[in-house]
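What follows is a short report on a single structure.
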2 protein chains.
Amino acid sequence: MKLSRSAQDYLKVIYRLSNRYGRATTSQLANWLEVKPATVTGMLQKMARAAPPLITYQKHRGATLTTNGEKAALQIIRRHRLLELFLHEKLDYTWDEVHEEAERLEHVISEKMSQRIAIVLGDPCRDPHGDPIPDPDLQLALLTEFPLGDLQPGQQAIIRRVRDEDAELLRYADSLGLRPLTRLTAVAHTPIAQTITIQLADTAEPITIGQYTANQVFVDLEPNQ
Amino acid sequence: MKLSRSAQDYLKVIYRLSNRYGRATTSQLANWLEVKPATVTGMLQKMARAAPPLITYQKHRGATLTTNGEKAALQIIRRHRLLELFLHEKLDYTWDEVHEEAERLEHVISEKMSQRIAIVLGDPCRDPHGDPIPDPDLQLALLTEFPLGDLQPGQQAIIRRVRDEDAELLRYADSLGLRPLTRLTAVAHTPIAQTITIQLADTAEPITIGQYTANQVFVDLEPNQ
DNA sequence: ATTTTATTTTAGGTATGCCTAAATTATATA
DNA sequence: TATATAATTTAGGCATACCTAAAATAAAAT
Ligand SMILES: [Mn+2]
Ligand SMILES: [Mn+2]
Ligand SMILES: [Mn+2]
Ligand SMILES: [Mn+2]
């Protein structure tokens with residue numbers, strides 16, 4: 001069951017889309033993988049016909065992962081996130097640089113290397129953006145965080161995660177101090193401007209951020225002390 | 001001038017063979033690359049036709065590198081050896097494990113990653129087997145070492161390099177203490193048995209090794225003190 | 001100088017993973 | 001419900017990098 005680089009990338013995207021929407025459609029996959037829909041159809045057909053099948057696929061209805069496919073997807077996700085953290089911790093990559101490099105390395109490192117990386121990192125639970133790293137048995141911790149934008153004024157929270165899909169956003173968030181483990185208090189919503197004002201724990205002045213940013217940052221509620 | 005993984009591997013082998021024999025023949029390449037001669041012919045034709053050409057190739061006469069090809073070869077060699085040392089130093093790989101992993105990673109890491117690795121390793125000159133690492137400008141230090149088997153009884157030497165092509169040999173050499181920077185004195189040749197007896201600096205008893213091993217270990221003469 | 005043998009090349013094929021253009025199917029709109 | 005639009009699939013190609021079998025060439029042996 002050696003999977004090609006392409007198949008591995010398809011699995012990762014199907015995993016994410018089917019978690020979010022129940023299944024992954026041809027055009028969604030084409031978008032995320034940056035290939036044409038016709039290419040996706042061909043690959044889905046092959047992955048569904050593989051032995052053992054990696055996905056269930058119905059014409060015009062999209063794909064979901066089989067148990068095998070999900071296991072393979074989680075293994076790549078584990079490698080990807082371990083690599084991101086490794087690059088950040090050991091090779092001084094910034095959090096907006098790690099994804100691109102990990103995206104290539106994830107298909108090429110051995111199981112041994114993945115284990116060694118986990119060891120030198122001390123069996124980490126989260127990558128540099130706060131995304132959870134599946135444990136060695138590929139179990140994913142349940143997450144409780146929700147978008148910063150849903151905080152009500154007065155609520156205190158701790159940042160757990162920042163969406164990693166947009167390197168520009170990561171640089172912006174970092175410049176504001178919006179990083180995992182940062183504590184903050186919601187100050188006010190301004191619906192007309194679609195902004196939210198927050199007070200970071202270690203910062204003098206409150207800052208105001210737009211809705212887009214607020215929805216890319218995920219927090220856990222902290223009890224008001 | 002983005003080179004495929006295969007082309008990169010061809011360049012590395014052509015580099016080595018043309019250094020050793022002046023040129024690389026089709027069947028030598030087929031052996032080292034573990035593909036059929038017909039496949040090599042096809043690839044050599046393509047690499048010679050590339051713009052800019054990576055090799056000069058004459059039917060039935062084999063290939064040599066162009067300046068461009070040599071530069072590309074040295075870049076991959078640098079990456080390979082940096083990776084080997086990195087795996088050894090930072091991820092606890094033994095010297096017989098590093099090659100296989102580096103062989104895949106060398107085609108995939110970015111120039112940035114290669115630079116970062118060089119930095120955390122302190123701009124190293126040799127890989128774990130003692131092979132020289134081309135400097136950032138791809139210059140290779142001139143080597144003075146010669147096979148241990150050529151030592152004359154009484155001569156003192158320091159091990160610089162052990163051939164890395166045979167993982168089994170590496171484990172054997174390591175078990176004997178034959179590693180770069182080990183000091184030793186030649187004790188005796190036994191031509192009938194095709195062996196050489198040597199005394200390692202840090203070891204009580206002299207050891208006797210066969211000719212094959214002695215020719216895989218390279219040393220520099222040390223002045224008798 | 002032939003002839004035999006070994007090496008190398010050519011010719012024709014396979015698998016992957018991508019593409020475009022055309023055909024089909026599903027969905028939305030009137 | 002018919003029709004327009006959007007999504008998806010099929011059909012036919014291309015590039016890469018392999019393969020085998022047959023043909024051509026070079027090298028070695030007589
Ligand atoms: Mn990522
Ligand atoms: Mn990837
Ligand atoms: Mn090596
Ligand atoms: Mn390689």
Side-chain angles (χ1 to χ4, degrees), chain A residues 1-14 17-18 20-64 69 72-73 76 103-104 106-108, chain B residues 1-14 17-18 20-64 69 72-73 76 103-104 106-108:
Chain A
M1 226 217 322
K2 279 159 203 157
L3 301 178
S4 69
R5 280 156 238 266
S6 281
Q8 293 179 345
D9 281 336
Y10 277 79
L11 287 175
K12 280 201 309 179
V13 178
I14 295 168
L17 290 172
S18 58
R20 233 184 258 175
Y21 306 112
R23 68 208 168 94
T25 67
T26 301
S27 47
Q28 284 174 324
L29 286 164
N31 263 319
W32 283 103
L33 292 163
E34 299 183 276
V35 297
K36 300 296 163 181
T39 305
V40 172
T41 299
M43 187 59 118
L44 293 182
Q45 289 169 341
K46 201 178 358 170
M47 290 171 73
R49 270 191 270 104
L54 299 161
I55 61 171
T56 59
Y57 165 63
Q58 290 175 29
K59 262 192 187 185
H60 297 280
R61 315 213 126 224
T64 57
I76 305 152
E103 196 60 38
R104 278 173 289 114
E106 66 189 3
H107 307 295
V108 156
Chain B
M1 225 215 325
K2 278 158 203 161
L3 301 177
S4 70
R5 280 158 238 267
S6 281
Q8 292 179 347
D9 281 335
Y10 277 79
L11 288 176
K12 279 201 311 180
V13 178
I14 296 168
L17 291 172
S18 59
R20 233 183 257 176
Y21 306 111
R23 67 209 169 95
T25 68
T26 300
S27 47
Q28 285 175 325
L29 286 165
N31 264 319
W32 283 104
L33 293 164
E34 299 183 276
V35 296
K36 301 296 163 181
T39 305
V40 173
T41 299
M43 187 59 119
L44 293 182
Q45 289 170 340
K46 199 176 1 168
M47 290 171 72
R49 268 191 271 104
L54 300 162
I55 59 172
T56 60
Y57 165 63
Q58 289 175 30
K59 262 192 186 186
H60 298 279
R61 313 214 127 222
T64 57
I76 305 152
E103 197 59 39
R104 278 172 289 113
E106 66 189 4
H107 307 295
V108 156

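Below, each value reflects all heavy atoms present in this structure, side chains not excepted, and no hydrogens, waters or symmetry copies. Chain letters run A, B, ... following the sequence lines, proteins first, then strands; residues in each count from 1.
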In whole angstrom, give the distance that lies between atom [atom1] of [X] and atom [atom2] of [N].
X	N	atom1	atom2	value
K2(B)	dA15(D)	NZ	P	17 Å
K46(B)	dC18(D)	NZ	P	9 Å
E34(B)	dA17(D)	CD	P	17 Å
M43(A)	dT9(D)	CE	P	15 Å
Q45(B)	dA15(D)	CD	P	16 Å
L29(B)	dT9(C)	CG	P	10 Å
L17(A)	dA7(D)	CG	P	15 Å
R23(A)	dT8(D)	CZ	C1'	12 Å

* **R23(B) side chain to A63(B) backbone, donor-acceptor under 3.5 Å** => no

For nucleotides 21-24 of chain D, give me every protein contact, N/O to N/O, under 3.5 Å, one pair per line with atom names.
none

* Asked: Nearest nucleotide by nearest heavy atom, which residue falls closer to the 5' end of DNA chain C, V35(A) or K59(A)?
  ->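 Whichever sits nearer the 5' end wins; that is V35(A).
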
Which part of the nucleic acid does [X] contact within heavy-atom distance under 4.0 Å: base, sugar-phosphate only, or nothing?
X	answer
S27(B)	sugar-phosphate
T41(A)	base
T26(A)	sugar-phosphate

* With a 4.5 Å heavy-atom cut-off, do Y57(B) and R49(B) have their side chains touching? ->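 Y57(B) vs R49(B): side chains apart.
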
* **Student check: side-chain heavy atoms of K12(B) and D9(B) closer than 4.5 Å** => yes

* Structure fact -> Taken in chain and number order and not counting sequence neighbours, the residues that satisfy side chain to side chain donor-acceptor pair (under 3.5 Å) with S18(B) are none

Among [options], which is the nearest nucleotide to the side chain of [X]?
X	options	result
S4(A)	dT9(C), dT8(C), dG17(C)	dG17(C)
Y10(A)	dA17(D), dT8(C), dC18(C)	dC18(C)
K36(B)	dT20(D), dA17(D), dC19(C)	dT20(D)

* Any S6(A) side-chain nitrogen or oxygen under 4.0 Å from OP1 or OP2 of dC18(C) -> yes

Find the distance between [atom1] ([X]) and [atom2] ([Y]) and round it off to the nearest 0.5 Å.
X	Y	atom1	atom2	answer
H60(A)	T41(A)	NE2	OG1	8.5 Å
Y10(A)	L3(A)	OH	CG	13.5 Å
K59(A)	Q45(A)	NZ	CD	8.0 Å

* Is any NZ, NE, NH1 or NH2 atom of the basic residue among R5(A) and E103(A) found under 4.0 Å from an Asp or Glu carboxylate oxygen of the other? -> no

Filtered N/O pairs between nucleotides 1-5 of chain D and protein, under 3.5 Å:
none

